[in-house]
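Down below is the structure, laid out as structure tokens.
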Amino acid sequence: MDFFGRLTLDSLPFYSAIAASGAGVTVLGGLSVVALITYLGAWKALFGEWLSSLDHKKIGIMYVVVALVMLMRGFIDAAMMRSQQAVAFNSDGYLPPGHFDQIFSSHGTIMIFFMAMPFLSGIINFVMPQQIGSRDVAFPFMNAVSLWLTAAGAGLVLISLVIGKFSTAGWTGYPPYSGPEFTPGVGVDYWLWAVLISGIGSTMSGINFLVTILKRRAPGMTMFRLPLFTWTVFVAAILMIFAFPALTVACVMLALDRTLDFHFFTNAGGGNMMNYINLFWLWGHPEVYILILPAFGVFSEVVAVFSQKRLFGYISLVLATMAIGILSFTVWLHHFFTMGSSETVNSFFGIMTTIIAVPTGVKVFDWLLTMFRGRLIFKPPMLFTIGFLVTFVIGGLSGVLLAMPPVDYLMHNTTFLIAHFHNMIIPGVLFGYLAGYMFWFPKAFGFKLNEWWGTASFWCWIIGFYLAFMPLYVLGLMGMPRRMEHYDIAAWQPHLIVAAIGAFIIFLGIVCLGVQLWVSVRDRRSALDVSGDPWNGRSLEWLTASPPAPYNFAVLPKVEAIDAFWDMKARGVAYVQPKEYEPITMPKNTLIPLLVGGTAFVFGFAMVWWIWWLAVATLAFIGGLVIFRSFDDDPDFTMPASTVQAIEDRRYEQLAKHPANEMADEPGYAGDPSPDPLPEGAR
Amino acid sequence: MSMASATDATLVHPGGSPETEEKAFGFWIYLMSDAIIFALLFMTYLVMFGNTAGGPEAKDVFSLERAAAETFLLLMSSTTFGMASIAAARADRERVVMWLVVTVALGLGFIFLEFSEFRGMIAEGAGPSRSGFLSAFFTLVGTHGLHVSIGLIWIVTMLAQIGMKGLSVPVLSRLYRLGLFWHFLDIIWVAIFSIVYLPGLL
């Protein structure tokens with residue numbers, strides 16, 4: 001028995017200069033973070049206050065950090081593909097095919113699982129409990145375990161750059177190619193275990209969010225008073241709970257095929273690879289809506305605040321969200337119209353796919369009508385929202401086109417499809433999360449992000465997006481297949497060069513985000529958010545301090561209307577300090593979730609390299625940790641009322657010194673919250 | 001969390017405190033998610049039922065006697081767990097321990113039978129790598145067996161907790177969720193018996 005399974009020194013990436021430099025950057029990046037923390041002497045604070053924290057706000061922020069790091073990595077992959085294709089006309093370019101395949105596989109995997117999912121979970125974690133007037137999520141310990149399982153998956157993708165290779169089977173890992181017969185190396189196993197481990201985290205997050213929304217709402221916060229962001233989280237959480245099992249099942253079966261010679265998806269031995277493709281997309285299509293619904297929620301919050309109007313058509317937005325949630329389970333086959341289903345089956349899924357555009361259209365009109373006769377203020381989150389509206393509609397139209405099976409037969413597997421789904425996901429998902437990031441940043445850190453750099457980033461993103469992806473629509477119509485490492489058709493090259501320029505402009509957009517963060521931290525004293533309500537907000541998260549106290553709300557708010565906080569401001573009860581406080585119980589910090597995640601990372605690594613003793617040992621250790629934790633009947637601590645009083649006194653002292661409404665000086669300010677917002681019929 | 005002793009109400013409706021009620025509710029949701037996993041495994045099994053690749057078919061490898069014995073053991077273990085729950089509602093610690101020990105014994109008997117079934121099939125050349133049909137069979141039934149094994153570890157853990165802490169509110173709350181889990185596995189087994197073993201043999 002080999003002690004290290006199939007892991008040998010040959011697994012290190014010295015076979016190619018590009019692979020070795022990728023590994024070098026990864027290792028140096030890791031080392032420089034370690035060095036920086038040591039230099040700042042921040043190890044103790046890092047472990048004591050962050051890595052061991054069960055506070056939903058800190059967990060949310062850590063999720064977003066993971067997402068932003070992985071956004072860089074995923075973007076580097078994209079830039080390499082765009083530059084390769086720009087030069088690879090009648091030439092091999094600079095990337096050999098095997099390496100190019102790894103890059104498009106890791107780009108998709110990272111962007112979906114380790115950029116979008118953590119960004120989503122991060123924003124939900126930070127915002128949702130505050131929006132419903134809660135002090136935490138329902139299961140804070142499990143919340144931290146979810147975070148560290150996601151980080152473990154991200155770690156596996158990162159380490160595949162240094163030890164061994166990543167998958168070449170695309171982000172969807174279709175068998176039989178991804179099976180043991182055609183792809184025997186460790187690449188697909190890295191993909192499988194990264195996705196599986198983080199997927200379990202996502203399922204648990206879904207349960208956590210759903211129970212939180214159903215059980216932890218403040219008094220008076222009925223379901224139909226929930227802010228729209230929380231509504232979208234509610235539906236996305238249900239989708240997570242019901243869709244992620246399909247991914248788990250598909251991945252476990254593929255792992256069994258690969259490691260124990262099962263025959264689920266093999267060519268011979270009675271396997272059936274169509275089962276994989278059905279299972280994968282049975283998860284994969286709801287996943288699209290898991291990502292995009294909360295982004296729709298962000299847009300709904302942003303558009304109302306920066307139009308200084310109540311959200312138009314609240315009920316219709318809620319119903320549209322639910323309709324999308326249900327319909328999302330009825331369209332998965334449109335991902336493989338060409339794989340031999342009958343015309344009846346294809347027609348059904350084609351029709352369902354066009355129908356799902358209807359509730360989405362309802363939402364677009366609701367957002368437009370919210371802006372109609374509003375007093376718009378063009379802060380960066382609002383710019384991303386408007387950019388989304390225009391761009392997303394174009395992507396939706398190309399989607400309705402692709403929903404027709406005969407059209408899909410022509411477009412399938414071309415760059416037209418690539419253009420379509422990037423046209424949905426970049427404006428629909430990423431713009432939403434970036435808008436959310438800039439919208440809620442002051443709530444998290446107590447100062448606003450620099451607007452100039454945020455605006456610059458927006459313009460780079462949107463111009464770069466159009467330049468990078470509109471040519472791909474044209475190329476798709478010209479017949480260019482996706483994932484080409486080189487080509488010999490001269491007419492394609494100009495479009496690919498434009499696309500590469502677009503990618504470069506997107507890169508500038510990412511640089512602007514970095515500069516924005518740097519400048520904002522440097523100048524934070526001139527952009528402090530003293531009131532906790534930097535945008536004249538409407539929902540309860542703006543009632544808390546910025547950054548919020550550990551308990552969010554010293555006294556749980558009483559909700560009497562939609563736009564609960566706006567209503568409280570209008571009635572003049574938002575900033576009335578209670579006479580006395582009660583002690584507040586909160587979860588103690590613990591390092592067990594971090595240990596679970598770290599051990600899961602080692603377990604994944606052991607499964608990739610067939611180091612069986614280590615896999616058994618790590619699994620037993622995780623079981624032991626869970627059992628150990630279950631013996632702890634006292635996981636909480638209670639903050640005495642006097643401490644709460646002291647924290648709150650300081651906050652009210654500050655509030656007295658500063659104007660509560662930081663937007664009042666803004667040009668175009670539409671006036672303070674009035675007791676009677678425009679009645680529904682007046683619009 | 002208070003350490004007050006149990007009442008009937010906490011056990012039947014774990015709404016004794018909002019916290020235990022929330023945990024029970026969350027556990028129901030988890031079970032729904034787990035039920036989807038089993039549903040997909042059942043679907044896969046049905047789709048792959050005929051994919052024997054020239055190897056053994058269901059009627060060649062299944063034994064009705066063994067499946068009946070497994071069913072008997074697991075259903076009995078569900079009953080004995082129910083007795084443990086009743087004893088817990090009466091705060092009768094010794095009876096709870098006794099019934100849980102019986103449940104563990106029955107569960108171990110089930111796992112032993114399943115293990116010997118799997119080992120026998122593999123020895124006969126009817127292992128999971130023989131055909132798609134057998135892959136699906138081993139994965140479906142094995143996943144259930146894995147759940148039962150985890151359930152057994154959980155029961156043993158609860159026995160230790162009862163020994164150390166008595167029937168405190170947190171222990172009763174965990175016992176309630178363990179009960180949900182154990183009965184859930186019973187329902188899954190009934191489906192396995194009716195969808196895998198019976199049609200495979202009749």
Side-chain angles (χ1 to χ4, degrees), chain A residues 137-139 142 200 203-204 206-212 214-216 237-238 240-250 252-253 255-257 260-276 278-279 282-283 585 620 623-624 626-628 630-636, chain B residues 1-3 18-19 21-41 43-44 47-55 127-136 138-140 142-143 150 153-154 156-158 160-161 164-165 168-171 173-174 177-178:
Chain A
V137 293
F139 310 117
M142 194 166 88
I200 291 167
T203 312
M204 296 196 306
I207 296 173
N208 220 334
F209 297 150
L210 184 70
V211 177
T212 305
L214 286 174
K215 297 283 180 190
R216 290 266 170 129
I238 294 175
M240 280 158 120
I241 294 160
F242 286 98
F244 266 89
L247 180 70
T248 306
V249 166
V252 165
M253 286 175 175
L256 287 169
D257 272 13
L260 294 176
D261 193 25
F262 279 39
H263 287 288
F264 280 110
F265 312 126
T266 50
N267 271 328
N272 182 350
M273 61 284 278
M274 282 312 294
N275 285 345
Y276 176 90
N278 274 295
L279 285 170
L282 201 51
W283 160 79
T585 302
V626 172
I627 292 174
F628 173 76
S630 80
F631 275 82
D632 187 356
D633 283 342
D634 188 23
D636 300 327
Chain B
M1 200 178 286
S2 81
M3 304 286 281
E19 203 174 324
E21 201 260 338
E22 216 170 61
K23 284 182 175 154
F25 181 71
F27 199 77
W28 274 108
I29 309 264
Y30 152 72
L31 288 180
M32 286 164 73
S33 193
D34 213 13
I36 306 265
I37 287 189
F38 278 107
L40 294 169
L41 291 175
M43 284 313 297
T44 308
V47 169
M48 302 195 85
F49 184 72
N51 298 10
T52 50
S129 49
R130 177 63 191 85
S131 69
F133 158 64
L134 287 166
S135 299
F138 273 89
T139 307
L140 169 59
T143 303
I150 292 170
I153 295 172
W154 191 356
V156 173
T157 308
M158 288 319 296
Q161 293 198 0
M164 287 166 65
K165 302 163 187 285
S168 65
V169 170
V171 167
S173 158
R174 284 173 208 134
R177 280 172 273 145
L178 173 57

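Each chain gets a letter, A, B and so on, in the order the sequences are listed, and its residues count up from 1.
- A:Asn275 touches chain B through its side chain: at least one heavy atom from C-beta onward sits under 4.5 Å away, while N, CA, C and O do not.
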B:Tyr30 and A:Met204: side-chain contact (heavy atoms from CB on, under 4.5 Å), yes or no, with the steps?
CA-CA 8 Å; B:Tyr30 152 72; A:Met204 296 196 306; over 6 Å; no
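- Formation of a donor-acceptor pair under 3.5 Å by the B:Ser135 side chain with backbone atoms of A:His263 is found in this model.
- Distance check: B:Phe25 CZ to A:Ile207 CD1 gives 10.5 Å after rounding to the nearest 0.5 Å.
- The two residues B:Thr157 and A:Ser630 have their closest heavy-atom pair at CG2-OG, 4.0 Å.
- Here the straight-line distance linking atom CZ of A:Arg216 with atom CD of B:Glu22 works out to 4.0 Å at 0.5 Å rounding.
- For B:Met164, the part sitting under 4.5 Å from any heavy atom of chain A is the side chain, from C-beta outward, and nothing else.
- The local environment of CE in A:Met274 is crowded, with over 12 non-hydrogen atoms from other residues, nucleotides or ligands closer than 6.0 Å.
- Within the 4.5 angstrom heavy-atom criterion, only side-chain atoms of A:Met253, from C-beta onward, approach chain B.
- Interatomic distance, CE of B:Met158 versus CD1 of A:Ile627, reported as 11.5 Å (0.5 Å rounding).
- A side chain to side chain contact (heavy atoms under 4.5 Å, CB included) with A:Val249 holds for exactly one of B:Thr139, B:Thr143, B:Leu40; it is B:Leu40.
- Interface remark: B:Leu134 contributes no atoms to any contact with chain A (heavy atom separation under 4.5 Å).
- In terms of modelled atom types and a separation under 3.5 Å, the side chain of B:Lys165 and the main chain of A:Phe631 share a donor-acceptor contact.
- Both the backbone and the side chain of A:Ile241 have a heavy atom closer than 4.5 Å to some heavy atom of chain B.
- A cation-pi geometry, defined here as NZ or CZ lying under 6.0 Å from the six-membered ring centre and within 45° of its normal, does not hold between B:Lys23 and A:Phe139.
- Between the side chain of B:Arg130 and the backbone N or O of A:Gly269, no donor-acceptor pair lies under 3.5 Å.
- From B:Gln161, atom CD reaches atom CG of A:Asp633 across 6.5 Å, with rounding to the nearest 0.5 Å.
- The greatest number of non-hydrogen atom pairs below 4.5 Å with chain A, out of B:Pro128, B:Ala53, B:Ser129, is found for B:Ser129.
- Interface remark: A:Thr585 contributes no atoms to any contact with chain B (heavy atom separation under 4.5 Å).
- Distance check, rounded to the nearest 0.5 Å: CD1 of A:Ile200 to OG of B:Ser33 gives 10.5 Å.
- Note that OG1 of B:Thr44 is 5.0 Å distant from CG of A:Leu279, once rounded to the nearest 0.5 Å.
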